[in-house]
Amino acid sequence: MVNLLTTIALITLLLSVLLMIISFWLPLMSPDHEKLSPYECGFDPIGSARLPFSLRFFLVAILFLLFDLEIALLLPLPWGDQLPTPLMTFTWAAAVLSLLTLGLIYEWLQGGLEWAE
């Protein structure tokens, strides 16, 4: 048992060190003007802050965050197996997924996911 733990620890340590060494050698360090400039949601950071912008960008970003919460809401699902019946676990998961699916269909039909008008 001790030999197995030692082997696993050694493999983990060697793999970690190898990946750290590769991560220092692999990237090409050639910074240019574009890489060194700050990126502000596709807008030029130098100039007037009162330029008109598209709200569609922010709508899509908010929709992404909303539908990304699906993962956070479904993470406790494996622990839901400890509920009194498996049917209750399935019911709650299906309710969350159907609510998110209905929201996605609504946004799709309203044209909220279209980039071009």
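Note that the CD atom of Glu107 and the CG atom of Leu102 stand 12.0 Å from one another [nearest 0.5 Å]. We find the CG-CD1 distance between Leu13 and Ile8 to be 13.5 Å, quoted to the nearest 0.5 Å. Met20 contributes atom CE, which lies 10.5 Å from atom CG of Leu15 (distance to the nearest 0.5 angstrom). Note: Ser16 OG to Ile11 CD1 = 11.5 Å, rounded to the nearest 0.5 Å. To the nearest 0.5 Å, the span separating CZ on Phe90 from CG on Leu97 amounts to 9.0 Å. Between the CG atom of Leu109 and the CG atom of Leu104 there is a distance of 9.5 Å, given to the nearest 0.5 Å.
Among Leu10, Leu18, Val17, the one residue that satisfies the side-chain contact (heavy atoms from CB on, under 4.5 Å) test with Leu14 is Leu10.
Scanning both residues, Thr91 and Leu87, for their nearest heavy atoms gives OG1-O, 2.6 Å.
Applying the 4.5 Å side-chain rule to ILVMFWY residues, one finds that Tyr106 remains a lone member of its cluster.
Criterion: ILVMFWY side-chain heavy atoms under 4.5 Å apart, direct or through other members. Under it, Leu100 and Ile62 are not part of a common hydrophobic cluster.
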